[in-house]
Structures are given as structure tokens and as C-alpha cells.
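Everything numeric here is computed off the predicted structure, so don't read it as measured data.
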Amino acid sequence: LDSADVSLFGGSLALHGLNVANPPGFDDSPHFFHMELASTGVNLGSLSSDTVEITHLEIGGVDLQLINDGSVSNYGPIMENLQRLGSGGSAPAGDAPAPDGGGKKVKVDRITIRDVKVTADTPLGKKTVDVPPIEMTDVGGGGEVDVAGLVNEIITAILGKAVDLGQLPDIISGEIDKGLAQLEQQASKAVDDAKAKLDEKLEEEKAKASEKLKDKLGGLLGGDKDDN
């Protein structure tokens with residue numbers, strides 16, 4: 001990170017020059033992900049709470065380097081880490097760095113990602129693709145997420161948009177598309193599991209309420225018998 005500007009009275013934060021390093025073995029490339037600027041609008045009252053409320057997150061000047069030498073790739077470990085983070089796991093030591101999922105949660109109303117360039121580097125040469133602006137509004141399903149989950153969604157959105165353009169080499173787009181499909185299945189399963197847990201909790205609460213009601217009615221009926 002090159003620098004950061006904070007405006008407490010304006011409720012904003014700007015980050016300049018953020019890099020995400022490549023996995024080991026790709027030292028010739030300057031980075032996996034580089035971002036010139038990210039600015040946020042923050043609800044100042046939420047800074048002291050467990051969940052920081054971000055009204056908008058603006059990301060610009062993104063450079064994403066996708067490398068595949070025919071046998072290994074720099075995005076393979078990234079995709080694996082995204083899947084681990086999505087399932088509640090953690091990235092193994094030595095792989096591409098991943099944010100800590102602990103600590104505060106964030107709730108983001110809107111994310112805009114602009115000026116995105118994706119460079120595909122294969123044995124056939126390099127190709128740079130300009131990605132149109134990306135708007136994200138259903139971040140974390142509209143709820144709170146940890147930092148790891150937020151980064152997961154941002155990188156996934158950029159990769160998905162780049163693949164959808166149909167301009168990346170097949171060797172890269174095919175592998176990323178497969179990884180994104182696995183992430184989508186994982187996310188769908190997580191939603192189903194959460195719904196199942198909620199339904200189970202509701203059934204438990206209904207059963208408890210029913211038992212309490214029976215006890216009260218029994219007490220009332222028993223009391224009437226004693227009075228007579």
C-alpha cells in the first residue's frame with residue numbers, strides 16, 4: 001500500500017497503490033492484482049461496532065495478471081484459496097496471501113469497479129483485455145461479510161466479467177470458468193445450509209413455544225378443577 005487518506009468528518013477512506021503478490025514461483029511478474037485507488041463512504045457511527053457499514057466502495061485502476069506457462073498458473077492457487085475462504089477455511093502457508101477472516105465484519109451497499117485491465121500471459125504470448133465497469137449491489141447476499149469474504153467477491157466478479165467477454169485464451173478462460181462454477185456451487189450450498197439451519201431453529205422455537213403454551217393451559221385447567 002503506497003498511501004491512505006482518511007476524512008473522519010467526511011466519513012471517507014481512500015487507499016492508493018494496493019498490491020496482491022503472486023504465489024511463489026511467479027517472481028518475474030510484478031503482482032497478481034494491483035489497484036491504483038479504492039475509496040469508501042463509511043457510516044462513522046458504525047466504526048466502533050462489530051460491523052462497519054460502507055455505503056459505497058469505489059475501486060479503480062485495476063491490473064490483473066493471469067499467467068499460465070502450460071503446466072502451472074498463478075491463478076490456480078488463488079482460486080483454491082477463494083474456495084477455502086468460501087467454505088470457512090484458511091489459506092495454507094506459502095500460497096498467495098489472503099486476508100484474515102477474523103475481526104470486524106463489513107456491510108457494503110454498493111461496489112463499483114472501473115478501469116480494469118486483465119493481462120493473459122501464455123506460451124503463445126501476452127494479451128491485455130479491457131474489462132467494462134462492474135457494479136455490485138448484492139454484496140454478501142445483502143448481509144455482513146468478513147474482509148476475506150469481501151475480497152473473495154471482488155476478485156470473483158472481476159474474473160467472471162473477464163471470462164464472459166470471451167477474449168481470454170482458452171487455456172486460461174477454461175480453467176477459470178471451471179473454478180468459478182465450483183465457487184458458485186459452493187455459494188449455493190452455503191445458502192442452502194444456512195436456510196436449513198434457520199428452518200431447524202424455527203422448528204425448535206415453535207416446539208418450545210408449543211410446550212410452554214401446553215404448560216400454561218394445563219395449569220389453568222388444573223387450577224379450575226381445584227377451585228371446584
Side-chain angles (χ1 to χ4, degrees), residues 1 4 11-20 31-43 46-47 50-66 75 78-88 91 96-101 103-119 129-168 173 176-192 194-195:
L1 180 65
S12 65
L13 168 67
L15 306 175
H16 306 270
L18 178 66
N19 276 326
V20 175
H31 52 257
F32 170 74
F33 177 91
H34 174 77
M35 178 189 68
E36 287 292 341
L37 172 68
S39 61
T40 67
V42 182
N43 181 344
S46 70
L47 291 177
D50 291 335
T51 300
V52 177
E53 298 176 4
I54 299 175
T55 57
H56 66 272
L57 174 59
E58 303 277 347
I59 300 174
V62 174
D63 178 40
L64 187 64
Q65 300 281 326
L66 303 177
Y75 52 82
I78 302 292
M79 299 295 291
E80 291 174 3
N81 286 348
L82 291 179
Q83 292 175 21
R84 289 191 187 94
L85 293 171
S87 62
D100 182 2
K104 285 182 176 291
K105 304 284 187 179
V106 294
K107 185 178 185 301
V108 185
D109 294 336
R110 174 174 56 89
I111 298 177
T112 303
I113 310 171
R114 306 179 189 276
D115 188 21
V116 178
K117 293 184 182 297
V118 176
T119 298
V129 176
D130 292 322
V131 178
I134 300 170
E135 293 282 345
M136 302 170 61
T137 54
D138 192 27
V139 183
E144 62 183 30
V145 295
D146 56 26
V147 174
L150 179 61
V151 174
N152 183 330
E153 292 202 36
I154 291 172
I155 293 180
T156 298
I158 294 174
L159 289 173
K161 192 74 169 182
V163 169
D164 288 344
L165 291 175
Q167 300 179 29
L168 295 177
S173 62
I176 290 179
D177 196 37
K178 180 180 178 181
L180 292 175
Q182 292 174 344
L183 282 171
E184 185 175 354
Q185 292 175 358
Q186 188 180 71
S188 178
K189 182 180 183 302
V191 171
D192 291 341
K195 184 177 182 301

- Query: Which heavy atom of His34 sits nearest a heavy atom of Asn19, and at what distance?
  - Reply: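 The pair with the smallest heavy-atom distance is ND1-OD1, 2.5 Å.
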
- Message: Give me the atom names and distance for the closest heavy-atom approach of Gly160 to Leu180.
- Response: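 Distance-wise, the nearest heavy atoms are CA-CD1, 3.5 Å.
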
Do [X] and [Y] have side chains that get closer than 4.5 Å, going by heavy atoms?
X      : Y      : value
Met136 : Leu57  : no
Leu66  : Phe32  : yes
Leu159 : Tyr75  : no
His31  : Asp63  : yes
Val131 : Leu64  : no
Ile111 : Leu150 : yes

With rounding to the nearest 0.5 Å, note down the distance linking [atom1] in [X] to [atom2] in [Y].
X      : Y      : atom1 : atom2 : value
Gln65  : Thr119 : CD    : OG1   : 4.5 Å
Ile113 : Ile158 : CD1   : CD1   : 4.5 Å
Lys161 : Glu135 : NZ    : CD    : 10.0 Å
Ile59  : Thr40  : CD1   : OG1   : 10.5 Å

- Query: Quick one: which of Glu144, Lys107, Lys105 gives a side chain to side chain donor-acceptor pair (under 3.5 Å) with Thr51?
  - Reply: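 The option that passes is Glu144.
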
- Message: Can you see whether Arg114 engages Thr112 through a side-chain donor-acceptor pair at a distance of less than 3.5 angstrom?
- Response: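 Per modelled atom types, Arg114 and Thr112 side chains form no pair under 3.5 Å.
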
